[in-house]
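Chain A is the first sequence line, chain B the second, and so forth, proteins listed ahead of strands; every chain is numbered from 1.
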Protein chains: 2
Amino acid sequence: MIHTDTEKAILQAAKTVFYKKGLAAARMQEIADEANINKAMLHYYFRSKEKLFGAVFLQAFGELAPFLNSIFNSDKPVFEKIREFVDGYITFVVDNPYLPTFIIQEMNINPQFGETFFRNHVTPDPSKFEEQIAREIEHGNIRPIDPKQLVLNLISLTAFPFVGKGLVIGILDLDEIAFKTLMEERKKLIPEMIINTIKVQ
Amino acid sequence: MIHTDTEKAILQAAKTVFYKKGLAAARMQEIADEANINKAMLHYYFRSKEKLFGAVFLQAFGELAPFLNSIFNSDKPVFEKIREFVDGYITFVVDNPYLPTFIIQEMNINPQFGETFFRNHVTPDPSKFEEQIAREIEHGNIRPIDPKQLVLNLISLTAFPFVGKGLVIGILDLDEIAFKTLMEERKKLIPEMIINTIKVQ
DNA sequence: ATATTTATTAACCATTTGGTTAAATTTACT
DNA sequence: AGTAAATTTAACCAAATGGTTAATAAATAT
């Protein structure tokens, strides 16, 4: 796994272009230009467009999955994990705005690719967190809820505004600043909402 | 606005292909094959790929926007609107699984297209609903919350699982049936959760 | 220094793709 | 029926695109 400067430059450029345009709309020449190198180098290092895309996709997950798993799998209490997830995710995505959309987009366009990927790589895995939730419910520490639904609520509330940003801005009539303000507020709002739903009165 | 059979067949085929693959990955020949007609007909009726795409996009919004607006703008109470939105949306999307993803995807890839579109067409508009929420808060009937955040929560919880379906299935380790079951459960779960957050104790 | 491997480039290639055209067929009109 | 208009088709075209190649330059090893 040697990474020469050129290889790194290619990956960085490919990331930029693929994130913004997706696999189909991205052009090899555009990636080469972005990396300031000859187009043939892309094939020299990555063989094909699909392979290059695969490398970018892998790296995208490589940035996100360990981060999410470190939260899911820590030994902290449920409420704290919820707060960490929301705050961490929003902070992360504000700095990497194209990443979640990119992942979701390509997994939808090519579901088979997504399935294979999940089978063969380290991906976000909340199963331990789900077990923890189930345990807390059994102990009567939080109100009954399907752990999968809880995790889905958490991800939905946190990720959707970024994934559907264009639509959200249009529907709620926001500008860039108002959007960012709203997202910052959500760091508090989402955990409060979820915790309020599951905490025993 | 005459629609011959051929024109209808083209639109239907274009819908199928564009929904599944997006603008960039869709092929004019594939649309022609899907419609069982000659490729030249696509240009005869719609001039260019972009124009055809525009027509499909317009129709997509035309299906969704009035439906959502009829809920947002009715004279029913807030809680009921929340229930109607969730139930209606999920029912709708189960029958039209590609539609929301399609809209969000293309608005993200080409934000300018999205902006122009929102300025020139009938789109989902929750502003009246937001005012209604603000009024209910003033009257002390529901707990204080930014109406935009409430609407965003509603849309996020309802739409995200479909938009990010590939990822959700992967992360939560679901199959098609488990996914559908989860979605059906959400028709109850989401309204309960949101209403629980805003109802005065 | 010289040979050998590695990296880089410019030119090239085959295929695909959106789009056109001119002829043929069907429909509508008188 | 005869004619003009609209519809449909097959063949074609230019541009774009992913990918290759052969020659060159740079680095590495002997």
Here the distance between atom C1' of C:dA11 and atom CE of A:Met41, to the nearest Å, is 16 Å
In whole angstroms, the gap separating P of C:dG18 from NZ of B:Lys51 amounts to 16 Å
Here the distance between atom P of C:dA7 and atom OH of A:Tyr44, to the nearest Å, is 4 Å
Contacts under 3.5 Å, N or O only, protein and nucleotides 24-28 of chain C:
none

Contact string for nucleotides 12-27 of chain D, one letter per nucleotide 5' to 3', B = base within protein heavy-atom range under 4.0 Å, S = sugar-phosphate only, - = neither, reads -----SBBBB------
**Asked** Do B:Asn110 and B:Glu106 have side-chain N/O donor and acceptor atoms under 3.5 Å apart?
**Response** no
In terms of heavy-atom contacts, B:Gln149 and A:Arg186 come closest through OE1-NH1, 2.7 Å
Next on the checklist: I want to check one thing: is the phosphate of C:dA7, taken as OP1 and OP2, less than 4.0 Å away from some side-chain N or O of A:Thr6?
Outcome noted: no
**Prompt:** Within the structure, does a side-chain N or O atom of B:Tyr45 lie under 4.0 Å from either OP1 or OP2 of D:dT8?
**Reply:** yes
* **N-O pairing of B:Lys15 and B:Glu63 below 4.0 Å** => yes
Q.
Do the side chains of A:Glu30 and A:Lys39 get close enough for a salt bridge, i.e. N-O under 4.0 angstrom?
A. no
B:Lys165 and B:Thr101: side-chain donor and acceptor closer than 3.5 Å? no
Across all chains, not counting sequence neighbours, the ring-ring contact (aromatic ring centres under 6.0 Å, His included) partners of A:Tyr45 are none
Rounded to whole Å, CD1 of B:Ile37 lies from C1' of D:dA10 at a distance of 14 Å
Only one of B:Phe53, B:Phe162, B:Phe18 passes ring pair (Phe, Tyr, Trp, His ring centres under 6.0 Å) with B:Phe102, and that residue is B:Phe53
message = Looking at A:Lys187 and A:Glu184, is there a salt bridge between them, counting it only when a charged N and a carboxylate O are closer than 4.0 Å?
response = yes
